[in-house]
Protein chains: 2
Amino acid sequence: MAEKLTKRQQELLDFLKYSQNKNGLMPSTREIQAHFGFASQTAAMSHLRALEKKGVIVRLAGKARAVVFPADLEREEVMDIPVYGSIAAGMAEVVDEEKVGCVSIDIASLGIPRNARTFGLQVRGESMIDAHICDGDTVIMEFREPRHLDIVAALIDDETTLKRFIMEKGRPYLRAENENFPDLIPARELVVQGVMVGLLRTGRM
Amino acid sequence: MAEKLTKRQQELLDFLKYSQNKNGLMPSTREIQAHFGFASQTAAMSHLRALEKKGVIVRLAGKARAVVFPADLEREEVMDIPVYGSIAAGMAEVVDEEKVGCVSIDIASLGIPRNARTFGLQVRGESMIDAHICDGDTVIMEFREPRHLDIVAALIDDETTLKRFIMEKGRPYLRAENENFPDLIPARELVVQGVMVGLLRTGRM
DNA sequence: ATGAATAGTGTTCATTGAATCACTTTCACC
DNA sequence: GGTGAAAGTGATTCAATGAACACTATTCAT
C-alpha cells in the first residue's frame, strides 16, 4: 500500500491537495491537464489511476471530481473554534475585533457535542498555575451553565479571567488556583462566559 | 449574512455536510434530488441557490459538484496525528498496535511545518507535573534531534517516559520535572523518540 | 532483449450534471 | 385579499467530465 510515488506522481498529488485546500474541491481531469500543460487529458487520467493503484487516493467511478483522500474519510468532523485574546463585556453574539486566531480540531478529540458553542481564550498570567494552566496556553471553553468545581471564564471588572467555580450551600463564588492571588472573589454579579473543556499549549516548552 | 435558514434548507445543508463527511465529496443536484425524493432536479437547484444567497455555501458556476463551505476555505491545512498509549522499542516506522486514537488539528495552531513527523503520546503519571504536564494529557511530539532544555520522549528500560533534555558540557542527561522523582537519570544509551511541541488536555478539569 | 512501469499524444463517445423556462401550491404577513 | 418567499413539478438544453482505445517513447530490472 505504501508504495513510493514517482516524482511526477508526487507533483500531481500535491496539486490535488493544493486544489482541495485552495478551492475546496478536487480538480477535474481537464483542470489537471491545464495545470500541468498536458496536451492530452488522458495523461491526467493515467496519473490518477496510478495514484489510486498505490492507495493514496480513492476514486468513485463515473462521478465528477470524485477523488478522495482516504485520511479525510476516517477523520472525524473538524470544528473551527475562534480564539480571542480577551472577551469584552457584550459577548452576546460575535466579537470579531478581539479575535486573534482560530483552532481547527476534530470534535472527537475534545469530547464535546458538535452543536456546542465553543470558543478559545488565550490565558494571560499565572492565576491558574496550580491547575496547571500556564501563561500563553489556549483554553477551549464551552458556553453552558457552570457546575461545581468547573473552571470558568468569568467577567470581572470588564475583563475576562479564568477561575474555579465553587458552589457552596447554594452560593456560588470564584477561586483562583494560585496561592499568591486573592484567595476568594465573592461573586455578586457573576457573569460566566464559558466552562473550560480543553486546553491547548504550543511552542517551546 | 447570518440569515436564518428554513427547516427544509437546514435539512439540505445537513445532507451536504453529511455527504462531504461520509463520501468525501459534495452531492450533485441529482443526488440531492434522489435523497429527498424530489420529482424534479430543479427543486435541489433552487434550494442550493437559496443557501448560496444566505451565504452558508459558495458555488462555482459551471463546475460539477462545486459546492463549498466558506469555513473550509479559511481553514488551515488539517493534520492527522496518531496517538499512542506508549511507544515500544522499535518505533522505527509505524507501530499500529499501540495506537489509541487520533487527533486532527490545523498545522498553524501547532506551529510546525507540514512535513514534520509528529505523533501524540498519552501521559501517564506525574513525573512532569512541575512542567505543568498532567496525568492524562496528550503531548504532541515531533521527531527530531533534541536541543538543550527540550522536553523529550525517551526510551528507558523499554518504556517511554517524558523528561527534560539537558545538555551540559557536551554531555546530555535527562531530568524529571517533579521533586519526588529520581532527580537525574544519567543518559547512557539515550534514545530520544521525539521532542514535545504541543499539549492537548480534554475532559473535566 | 524483453517485459513492465511510467509518461505521454490524439480522438471519440456516453454520461453526468448545471442551468433555464414555465407553472403550481402553500403559507405567513400587512 | 393581495403579495412575496418558500417549496415544488416537468421538460429541455448543452457544457463539463470521465472513460476508452490506439499508439509512441523512455527507463529499469530481469
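Chain identifiers are assigned alphabetically (A, B, ...) following the order of the sequence lines, protein sequences preceding nucleic acid strands; residue numbering begins at 1 within each chain.
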(request) To the nearest Å, give me how far apart CG (B:L48) and C1' (D:dA6) are. (result) 15 Å

(request) For B:K7 and D:dA5, give me the distance from atom NZ to atom C1', rounded to whole Å. (result) 18 Å

(message) Check whether B:Q9 reaches the backbone of B:T6 with its side chain - one donor and one acceptor, N or O, closer than 3.5 Å.
(response) yes

(request) Output yes when B:D137 and B:R124 qualify as a salt bridge under the 4.0 Å nitrogen-oxygen rule, no when they do not. (result) no

(request) Return the set of residues passing ring pair (Phe, Tyr, Trp, His ring centres under 6.0 Å) with B:F15 (not counting sequence neighbours), or none when no residue passes. (result) B:H35, B:F36

(request) Measure the distance from CZ on A:R8 to C1' on C:dA5 and round it to the nearest whole Å. (result) 16 Å

(request) Report the end-to-end axis angle of the helix from C:dA1-D:dT30 to C:dC30-D:dG1; each axis comes from five terminal pairs, and the value is rounded to 10°. (result) 40°

(request) Send over the distance from A:L5 CG to C:dT6 P, rounded to a whole Å. (result) 10 Å

(message) For a quick test of reading the model: is some side-chain N or O of B:S46 closer than 4.0 Å to OP1 or OP2 of D:dG8?
(response) no

(message) Quick check: closest heavy atoms across B:I81 and B:G120, and the distance to 0.1 Å?
(response) CG2-N, 3.5 Å

(message) Rounded to whole Å, please give me the gap between CD in A:Q33 and P in C:dG8.
(response) 12 Å

(message) Given D:dA7, C:dT6, D:dG8, identify the nucleotide with an atom nearest to the side chain of B:F38.
(response) D:dG8

(request) Please report the C-alpha distance between B:R175 and B:E177 in whole Å, then the side-chain angles of each, then the deciding distance to 0.1 Å, and finally whether the salt bridge (Lys or Arg N to Asp or Glu O under 4.0 Å) criterion is met. (result) CA-CA 6 Å; B:R175 193 178 68 200; B:E177 294 276 3; 3.7 Å; yes

(message) Any side-chain N or O of A:H47 below 4.0 angstrom from OP1/OP2 of C:dT6?
(response) no

(request) Using a 4.0 Å heavy-atom cut-off, write out nucleotides 12-30 of chain D from 5' to 3' as B (base contacted by protein), S (sugar-phosphate only) or - (no contact). (result) ----SBBBBB---------

(message) Can you tell whether the side chains of B:R65 and B:E31 come within less than 4.0 Å, N to carboxylate O?
(response) yes

(message) Determine whether a donor-acceptor pair (N or O, by modelled atom type, separation under 3.5 Å) exists between the side chain of B:H148 and the backbone of B:I166.
(response) no

(request) Report yes if at least one side-chain N or O of A:K53 is closer than 4.0 Å to OP1 or OP2 of C:dA4; otherwise report no. (result) no

(message) Using whole Å, what does the distance between atom C1' of nucleotide D:dG8 and atom CG of B:L12 come to?
(response) 13 Å

(message) Has B:S19 got a side-chain atom pairing as donor or acceptor with B:L25's backbone, closer than 3.5 angstrom?
(response) yes

(request) Using whole Å, report how far CG of B:L25 lies from P of C:dT16. (result) 15 Å

(request) Under 4.0 Å between any heavy atoms, over every strand shown, what does A:A43 touch: base, sugar-phosphate, or nothing? Just pick one. (result) base

(message) Go nucleotide by nucleotide along DNA chain C from the 5' end; which of A:G37 and A:A50 gets its closest nucleotide reached first?
(response) A:A50

(request) Rounded to the nearest angstrom, tell me the gap between atom NZ in B:K54 and atom P in D:dA5. (result) 11 Å

(message) Measuring from atom CZ of A:R30 to atom CE of A:M45, what distance do you get when rounded to the nearest 0.5 angstrom?
(response) 10.0 Å

